[in-house]
Structure formats: C-alpha cells, structure tokens
Amino acid sequence: MFQLAKNFFVFLSQVTKGNKYYFAWIGFLSLLVLLGLITYIKQLDNGLIVTNMRDQVSWGFYISNFTYLVGVAAAAVLLVVPAYLYNFKPIKEIVLFGELLAVSAITMCILFVVIDMGRIDRLWHVMPFIGNMNFPSSLLAWDIIVLNGYLAINLTISFYALYKMANSKEYNLQIIKPLILLSIPWAVSIHTVTAFLYNGLASRPFWNASILAPRFLTSAFCAGPAIMIIIFQIIRKVSKIEIENKAIFKIAELVAYAIGINLFLLAAEFFKEFYSGSVHLAPMEYLYFGLHHHNNLVPWMWTAMIFNITAFLIFLRPQTRENLFTLNIGCVLVMTGIYIEKGMGLVIPGFIPGTLGEIYEYGPSFNEKMITIGVWAFGALIYTLLLKCAIPVYTGELRFYKPEGSVGNQ
Amino acid sequence: MKSKKDKLTRRNFLKGAAAGTATLALPVGTSDASVWEAFFQKHFRELNKDEVADVIKRLEEEYKEKYKKDVKVKTTDAQPGVLFSYGLDLSRCIGCRRCVYACARENNQSRDPQIHWISVLRFEQGEKFVSNLEEADKYYYPEKVPEDGHFYMPIACQQCENPPCVKVCPTKATWKEPDGIVVVDYNWCIGCRFCMAACPYGARRFNWAAPQIAKEEVNPDTHYLGNRPRYKGVVEKCTFCIQRTRGNPGRYPACVEVCPVGARKFGNLLDPESEIRYCLEHKRVFRLKEELNTAPKFYYFFAT
Ligand code: SF4
Ligand code: SF4
C-alpha cells in the first residue's frame with residue numbers, strides 16, 4: 001500500500017518538471033480557469049439570470065458545448081478499433097493518448113452539465129442509489145450512467161496500461177482486452193444516448209427526426225479524430241515520442257469518410273425538410289435563411305457549411321491529406337465546422353420557434369462565455385497534466401523500478 | 001475591461017464565494033440545523049407522515065422569517081374519484097389578461113423577475129392556430145380589448161394525462177397526482193430544465209433568479225405542491241390552483257373566478273353532473289396538438 005502511494009507521488013511529481021513554455025502554458029490555463037471560476041461564483045450567487053437563456057430558449061451555450069464534447073470523447077473509440085481489432089501497429093502505440101483525451105473531454109462534459117443546473121446543491125438527487133433517478137424513463141438518467149461509465153472505463157484502461165509500463169512490464173492485454181472491447185460499444189452508446197436526449201422530444205420537431213443519432217455519430221467521427229491529429233503533432237514536437245506519419249494519415253483517411261457521410265446525411269435532412277415544406281421546416285429555415293427577420297445563426301451556419309465542404313475536399317484528395325500543412329488546415333476547418341453545426345446549430349433551433357410560436361433570439365452572454373472558456377481551459381489543463389505524467393512513462397524515462405528490481409508491487 | 005478586473009479584489013471574491021454557497025443552502029460551516037435538514041430532505045413522496053410534518057414545520061418557519069407573516073403550507077391529498085379538467089370558451093375570451101395577473105397573485109409567482117403561468121396569445125381573424133402557433137402574438141398592448149378582427153387563446157399547463165415533462169425528468173421531481181394534476185416538488189427539482197424542453201405547450205417556468213414578492217403581496221394560503229413560495233433555480237407551472245381545488249367543497253381556480261366573461265370552466269371529469277362534463281357533451285371541443293398524444297385535460301371550445 002505504501003509502495004503504491006509512493007509510486008503515485010513519483011508519477012505525480014512529473015507535473016512539477018518542465019521548461020518555461022510548459023509553465024507558461026499551465027499558468028495561462030490556470031488563469032482562464034480562475035476567471036471562469038470567479039464568473040461561476042457570480043452565477044451561483046445571482047442564478048442563471050446572468051446567462052442569456054430564458055424560458056423560451058432554456059438551454060444554450062453550455063449544453064451546446066456539452067453536446068460537441070460528447071462527440072470528441074466518443075471519437076477515442078475510432079482509434080481503439082483499428083488498433084486492437086486489426087492490430088494496426090502505428091495506431092496502437094498512440095491509442096493511449098486518445099483515451100486520455102476521452103477522459104478530459106468527458107470531464108468537461110460533466111462540468112458543462114453541472115454548471116447548467118439550477119441547483120447544484122441537489123446534485124446528489126441524480127446519483128444512483130442515493131438519489132431518486134428516473135431510470136429507465138428519463139434519457140438524462142441514462143446519460144449520467146453512460147457518461148460516468150465511459151469515464152471509468154477509459155481511466156481504468158489508461159491507468160492500468162501506464163502503471164504496468166512504469167513497472168517495466170509489458171501490460172497484459174488479456175486483462176484489459178474485455179474492457180477495451182467494451183469501450184467500443186460504450187463510446188457509441190454515450191453518443192447515441194446523448195442524441196436520444198434530444199431526439200425523444202416530440203415537442204421539438206427539429207430534434208424529433210430519426211436522422212439525429214446517425215448524424216451525431218458521424219459528426220463525432222469528423223471532429224474528434226481531427227483534434228487527435230493536431231494533438232499528435234504537438235506531442236511529437238514537444239516530447240521524444242515518435243508518432244509515425246503513417247498513423248496520422250490513416251486517421252485522416254477515416255475522417256474523410258466520416259465527413260462524406262456527414263455531408264450526405266445533411267443533404268438528406270435538407271431534402272426532406274425543404275421538399276416536403278411542412279410547418280416543421282421553420283427551425284431549418286431559421287438556421288440557414290432566417291425566420292421573420294431573425295437570423296443570428298445564419299452566418300455561422302453557412303460558415304460551418306463552407307468549412308465542412310472545404311475540409312471534405314482536403315481530406316478526400318490524398319495529395320492534400322498527406323501533406324501536413326494542408327491536413328492541418330483541414331483539421332481546423334472541420335473542428336470549427338462541426339463545433340458550430342453540432343453545438344449552437346443543434347441546440348438552439350430546437351427552441352426556435354418556441355412551442356407557442358415565439359422567436360427569442362439567443363446568443364451567449366459575457367458570463368456564459370467566460371465560464372465556458374474556463375471549462376475548456378480546465379479540460380486542456382487536465383489533458384496537459386495527464387500527458388505530462390504519461391509521456392515519460394511511455395518513452396521509458398519514468399520507471400518505478402530499475403528493470404532488474406523487485407517485481408512485487410504491494 | 002480593466003476597471004472590471006480591478007473590482008475583483010480578493011475580498012470581493014471571497015465575499016462572492018461565501019454568498020454563493022450561502023444562497024444555495026450548502027451546509028458549509030453552518031451550525032443552523034435547518035440548513036442541513038433542507039439539504040438532506042428526501043423526495044416528497046418518500047417522506048412518511050412524521051417527516052412531512054417536520055418538513056412543513058421547517059418551511060412555515062422559513063417563510064415566516066422571510067415574509068414576516070404566517071404562511072400556511074398544506075399537503076391536502078387528492079380525493080378519490082376526482083380527475084380535474086378545464087374548459088376554455090374561445091368565443092368569449094376578450095384577451096384582457098385578468099387571469100394572468102390573478103394567477104400570479106394567487107400562486108405567489110415572482111414579480112421580479114416577472115413570472116406568469118398563463119400566456120394569452122392573440123391572433124388576427126383567419127390566422128392559423130391549434131397545431132401551428134407561429135402566427136401567434138404574445139406581446140400585444142392595445143388600449144382596449146377586445147380588438148376588432150382579433151381573437152385570443154390563453155394557454156397554461158394542459159395537465160396532460162400522458163405528460164412528456166414527467167417522462168423526461170431525471171429525478172422524478174415532477175409527477176402526475178391521482179387527481180390528474182401534474183406537480184413539482186420544488187425541494188427536489190435540480191433545475192436541469194429537461195422538462196421545459198419536453199413540454200409542447202410552453203407551460204413550465206424557471207426561476208432564473210431568486211423569486212421576489214413583496215411581503216404584503218404573499219398569499220399565505222398555500223400547498224406544498226402548489227403555490228408556496230419557490231426558490232431560485234427550480235421549475236414551476238400551473239397546478240390548477242391545487243391549494244383551492246383540493247377540498248370538500250373545493251374552490252374554483254383563481255383564473256376561473258376572475259374571468260369577467262365566464263370563459264373559463266372547471267370541474268371533475270368523473271362527475272357526470274359537472275360543468276366540464278356538460279361542455280364536453282354539448283359543445284364541440286378540441287385540444288391542442290393532439291398529434292403528440294399528450295392527452296391534455298384542457299379543452300377549448302366555441303360556445304357560440
Ligand atoms: S402542458 Fe407541459 S407542463 Fe403541463 S403536463 Fe403537459 S407537458 Fe407537462
Ligand atoms: S428541471 Fe426539475 S422538474 Fe424539470 S426535469 Fe429537471 S429536475 Fe425535473
């Protein structure tokens with residue numbers, strides 16, 4: 001036990017070592033977290049009135065960010081699948097970083113839901129066993145279970161692997177393989193359940209379309225891996241870890257398919273709504289053309305459209321996909337495109353027009369933006385610190401024991 | 001920007017932090033037992049008789065301290081053989097919004113920020129209504145009502161028999177009572193607002209800030225599941241005036257009483273002699289958004 005604690009501190013002490021860029025980055029993120037926290041305290045004090053959400057648009061920027069990040073977290077699975085099922089070596093080696101990203105993304109998701117709650121002091125009411133969960137009727141109850149389960153699975157896998165490596169042992173795939181296999185359908189489930197959260201509401205025609213869950217999944221497979229591609233390049237720049245271009249290009253190829261399918265599904269949605277032209281067209285009209293002179297989201301949605309199409313072309317052509325410069329442009333475009341489309345572009349039109357026909361144009365308030373930035377910074381901070389601990393283990397610089405040392409670990 | 005930052009001194013920060021926790025009734029560093037009791041209060045339907053009595057006592061003390069007057073919090077149960085239902089005669093409604101304000105007074109709705117459970121929609125003659133309310137106007141301010149060429153449709157909670165709001169609530173903080181009234185336990189709701197997204201009738205209201213009512217305006221005759229004063233961060237909605245209608249004999253909801261043209265009808269759907277049954281049997285009634293299968297117990301009709 002003592003040994004375990006000691007090992008933990010060896011592990012932890014890594015975060016205190018680094019060059020000046022590292023500390024500047026950490027300092028910068030901490031500052032943003034602090035500003036977010038101060039704003040959040042103001043929100044606790046005054047209530048959610050400090051946001052621009054109102055009865056007409058009762059979910060806003062927080063839930064938009066939550067939705068996007070569930071996708072990012074689920075995308076870790078995309079790396080797991082080829083790595084473990086097909087034994088594709090170059091990806092297998094870096095899958096750990098995807099899992100750690102999932103851990104950070106899920107943490108952010110949970111934070112976004114929590115800051116959106118009116119009564120954080122009653123959080124325990126939705127905890128399994130001690131609270132009074134409306135299971136299986138409420139999809140939010142499902143979501144709480146699958147999100148926390150996903151967090152637990154990814155934490156277990158990555159920490160087990162790291163711990164074994166730090167003990168200079170090849171980790172035993174037999175032990176975690178069931179967990180890894182489980183993580184694949186689980187990643188699909190966090191996304192599906194989150195989609196069903198919206199999908200099941202007959203009162204909101206924009207969400208109440210069967211295409212919602214499939215689109216959720218495909219868009220996750222666009223943005224998530226794109227983020228990974230960028231992160232991998234940063235990792236290999238700042239550490240000794242070698243990540244082959246081959247792995248990156250393989251992921252890029254998968255992104256190309258995902259964007260293609262996503263655009264196709266969008267086209268299908270467009271056709272159905274505009275061709276049939278029923279009253280349910282209104283939210284789509286609001287998004288892309290404006291409704292009764294309300295058009296806050298229109299420029300954003302067309303930006304997203306242009307970004308996604310451009311990214312598709314970049315990812316599709318092998319020449320541009322396998323050129324790191326153009327590839328990175330494509331990644332940024334698709335990350336932003338999906339962020340708009342699946343964040344605000346998904347949540348807000350559910351409420352516009354409202355159930356009583358009212359149009360309330362929503363845009364996040366200054367406070368909402370500050371708190372949101374704080375949560376993102378917190379996620380980035382966690383990820384940085386996790387990597388800071390994981391990388392030296394990975395490269396073999398950090399070992400609890402000399403290779404010939406004792407093997408017992410209790 | 002600069003000056004804003006300067007104001008965030010350490011002292012202000014700590015003050016904010018303390019106030020934040022205090023207003024949320026988090027039991028941090030407090031010796032006040034009632035704060036702990038409030039924090040650990042169980043779901044209303046899981047309380048036994050003694051626990052209910054304790055909760056009511058604590059609430060009445062809290063309200064007394066806050067509003068400096070005796071506020072009675074009842075927990076009257078539903079009566080057997082009763083299913084409440086509402087009827088609204090659209091040919092009579094003149095859009096005066098007396099019901100809106102009578103409701104706010106009766107049910108202790110926050111005056112600042114202003115909360116109204118009833119929305120009166122105005123339509124021009126010929127505009128579509130019923131299933132598509134896109135042409136409705138909620139914000140009309142004429143000098144005199146009714147206005148020529150217009151008609152009005154008040155909407156509040158439709159007390160669905162098949163309520164989507166109840167289905168989605170993650171904590172069972174909102175449920176349908178045996179007499180058909182959909183209620184909220186304001187001490188259990190976590191303020192996630194899933195129910196607001198699910199309600200097809202825009203009936204639910206959220207306390208975006210701490211609700212405020214002047215002491216003299218507080219209605220002291222309240223029900224736990226109805227019009228007792230609410231808290232910041234919880235959801236509320238029409239309860240068919242549960243504090244009035246549950247009684248033998250019960251009283252009419254405030255909106256029925258105040259309506260100057262008698263457009264509002266209320267009664268027991270299971271009683272063949274009731275006024276509401278008369279309306280159902282003799283008028284051609286309709287309900288809003290039937291296609292959603294929510295089965296509202298709120299009927300609209302044109303008597304003339
Ligand atoms: S009208 Fe809305 S709030 Fe009232 S019962 Fe139906 S769904 Fe629930
Ligand atoms: S806001 Fe309250 S009543 Fe509504 S779904 Fe959430 S917990 Fe339930």
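Letters A, B, ... mirror the listed sequences (proteins, then strands); counts begin at 1.
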From the list B/Glu236, B/Lys232, B/Gln109, side chain to side chain donor-acceptor pair (under 3.5 Å) partner of B/Asn207 resolves to B/Glu236
Under a 4.5 Å heavy-atom cut-off, does chain B meet the side chain of [X], its backbone, both or neither?
X        : answer
A/Gln56  : side chain
A/Leu201 : side chain
A/Ile359 : neither
A/Asp55  : both
A/Trp207 : side chain
A/Tyr198 : neither

Using a cut-off of under 4.5 Å on heavy-atom pairs, state which of [options] scores highest against chain B.
options                               : result
A/Ile49, A/Asn132, A/Ile63            : A/Asn132
A/His292, A/Glu358, A/Lys42, A/Met133 : A/Glu358
A/Ser137, A/Pro353, A/Gly131          : A/Ser137
A/Ser58, A/Gly47, A/Gly350            : A/Ser58
A/Val279, A/Asp116, A/Asp143          : A/Asp116
A/Thr51, A/Leu139, A/Asn134, A/Leu48  : A/Asn134

Part of [X] lying under 4.5 Å from any heavy atom of chain A:
X        : result
B/Thr294 : neither
B/Glu135 : neither
B/Lys172 : both
B/Ile190 : both
B/Ala136 : side chain
B/Val235 : neither

Is any side-chain heavy atom of [X] closer than 4.5 Å to a side-chain heavy atom of [Y]?
X        : Y        : value
B/Glu37  : B/Arg58  : yes
A/Leu381 : A/Phe28  : no
A/Met108 : A/Phe378 : no

Lys/Arg cation over aromatic B/Tyr141: B/Arg97, 6.0 Å, 45° cone | yes
Are B/Arg204 and B/Phe206 in a cation-pi contact, defined as NZ or CZ under 6.0 Å from the six-membered ring centre and within 45° of the axis?
no
Taking A/Thr355 for the side chain and B/Gly202 for the main chain, is one N or O donor matched with an acceptor at less than 3.5 Å? yes
Please verify the inter-ring angle class for [X] with [Y]; under 30° counts as parallel, over 60° as perpendicular, anything in between as tilted.
X        : Y        : result
B/Trp175 : B/His43  : tilted
B/Trp36  : B/Phe40  : parallel
B/Phe123 : B/Phe151 : parallel
B/Trp188 : A/His125 : parallel

Considering only heavy atoms and a distance below 4.5 Å, find which of [options] pairs most often with chain A.
options                                : result
B/Asp137, B/Leu292, B/Leu133           : B/Leu133
B/Pro200, B/Pro170, B/Ala198           : B/Pro170
B/Cys189, B/Ala210, B/Ala203           : B/Cys189
B/Cys169, B/Pro164, B/Cys192, B/Ala197 : B/Ala197

I'd like to know whether B/Lys237 forms a side-chain contact (heavy atoms from CB on, under 4.5 Å) with B/Gln159, so could you lay out the CA-CA distance, the side-chain angles of the two residues, the decisive distance to 0.1 Å, and finally the verdict.
CA-CA 10 Å; B/Lys237 62 178 256 314; B/Gln159 312 292 354; 3.7 Å; yes
Heavy-atom closest pair (A/Asn46 atom, A/Val50 atom, distance to 0.1 Å) is CB-CG1, 3.7 Å
